[in-house]
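Just so it is clear, the structure is predicted and the values come from calculations on it, not from any experiment. Both ligands and their constituent atoms are indexed starting at 1 by order of listing.
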Amino acid sequence: MKDLDWSNLGFGYRKTDYNVRCYYRDGKWGEIEVCSSEYVNLHMAATCLHYGQEAFEGLKAFRCPDGKVRVFRMDENAARLQSTCRGIMMPEVSTELFEEMVAKVVRLNQEYIPTYESGASLYIRPLLIGTSAQVGVHPATEYVFIIFVTPVGPYFKGGFSTNPYVIVREYDRSAPLGTGKYKVGGNYAASMQANHLAHEKGYACEFYLDAKEKKYMDECGAANFFGIKNNTYVTPKSTSILPSITNKSLMQLAEDFGLKVERRPIPEEELETFEEAGACGTAAVISPISYIDDLDTGKRYTFSKDGKPGPISHKLYTHLRNIQYGIEPDTHGWTKVIID
Ligand SMILES: *Cc1c(COP(=O)(O)O)cnc(C)c1O
């Protein structure tokens with residue numbers, strides 16, 4: 001293993017030895033290529049540069065206490081990428097090709113998979129871009145699918161804890177019939193001002209309301225939202241949010257724990273009634289929310305008075321992490337051992 005200080009890793013890019021690539025030409029995907037360059041040689045008129053034909057994914061590989069390396073629900077990431085491909089008219093990557101490339105790039109860079117004890121992990125970033133030249137707005141005829149990895153530090157350095165969020169009304173991340181449900185770079189470009197504003201005001205992250213009525217809770221930054229009340233896990237149903245695989249998993253676990261699960265529009269006022277709330281995604285699994293401020297109305301919705309995460313969030317978080325690390329039985333078949 002590389003002699004890196006895993007405990008000091010943040011969420012940044014760190015060079016590893018290899019990435020894997022696959023090119024789409026003449027209507028079909030080619031062979032998987034192993035590459036040691038971090039660069040892409042790109043035509044200046046490539047559609048990814050001008051018209052946003054760009055999709056990505058994010059998942060993690062974990063070095064587990066039993067010595068094995070596991071990845072979490074990569075078939076779900078493959079399926080979501082396929083949905084994104086259909087959404088912005090790019091050729092789909094089969095689940096088989098996706099999984100083969102993930103396994104390959106993780107094995108090639110196994111020296112960079114942090115130790116279990118460090119709490120760090122190997123972040124896997126699949127990227128699909130349109131590469132052929134096009135001046136008019138049309139889908140490209142050629143694409144490259146690249147997967148690189150980079151070690152990332154633990155999300156909670158000082159232990160599982162809460163953060164304040166803020167509702168931002170001046171910006172929309174995505175429209176009801178737009179690309180919010182696809183993992184495309186354009187949504188992130190649309191979120192940068194709101195994210196900057198939230199950070200400037202001292203919040204961990206910005207919260208979007210639905211773009212049409214500005215009435216319902218949508219997403220927070222690059223994470224889905226959930227609230228807990230009366231033994232029920234409630235999460236927004238909306239056409240403009242990205243279907244989080246973490247959220248999907250938490251809904252299943254909540255059900256396993258005997259909670260009710262509701263996926264439905266959540267009016268902002270309902271925040272008042274939640275006993276716990278959190279943001280969820282691959283990066284943190286759950287990032288519990290202390291309070292959400294609505295600056296326009298001056299309203300503050302508080303979920304944690306002492307700054308500590310609530311018991312159900314804690315239980316869900318611990319259980320999901322234990323499945324990822326092969327500590328608790330993986331009854332839903334969510335993990336795949338990539339290195340034995
Ligand atoms: C990636 C992403 C998420 C989280 O999805 P996970 O599959 O749980 O990592 C949530 N919202 C947005 C906008 C995202 O891009």
Give me the residue, atom name and distance of the protein heavy atom closest to atom 15 (O) of ligand 1. Tyr188 OH, 2.3 Å
What protein heavy atom is closest to atom 13 (C) of ligand 1, reported as residue, atom name and distance in Å? Arg173 NH1, 3.3 Å
Can we call the ring centroids of Tyr13 and Phe148 under 6.0 Å apart? yes
Working for side chain to side chain contact (heavy atoms under 4.5 Å, CB included), residues Tyr233 and Met251: CA-CA 7 Å; Tyr233 181 103; Met251 284 189 255; 3.5 Å; yes
Taking 4.0 angstrom as the limit, do Glu57 and Lys183 come out as a salt bridge? no
Proximal candidate to atom 2 (C) of ligand 1 [heavy atom criterion; set Lys60, Lys183, Arg80, Glu219]: Lys183
So, is Ile245 polar-close to ligand 1, with some N/O to N/O distance under 3.5 Å? yes
Does some non-hydrogen atom of Gly58 fall short of 4.0 Å from ligand 1? no
Just let me know how Ser244 lines up against ligand 1, side chain, backbone, both or neither, with a heavy-atom cut-off below 4.0 Å. both
Distance (rounded to the nearest 0.5 Å) between Ser313 OG and Ile286 CD1: 5.5 Å
Considering non-hydrogen atoms of the protein only, which is the closest contact for atom 9 (O) of ligand 1, and what is the distance? Thr282 OG1, 2.5 Å
Taking atom 3 (C) of ligand 1 as the reference point, the nearest protein heavy atom with its distance: Ala222 O, 3.3 Å
Report yes or no: is the cationic atom of Lys299 (NZ for Lys, CZ for Arg) under 6.0 Å from the centre of the six-membered ring of Tyr301, at an angle within 45° of the ring normal? yes
Examine ligand 1 and decide if any of its atoms is less than 4.0 Å from a heavy atom belonging to Glu76. no
For Arg173, is there an ion pair with Glu206 - N to carboxylate O distance below 4.0 angstrom? no
As a test of understanding, state which of Glu276, Glu270, Glu272, Glu262 forms a side chain to side chain contact (heavy atoms under 4.5 Å, CB included) with Lys229. Glu270
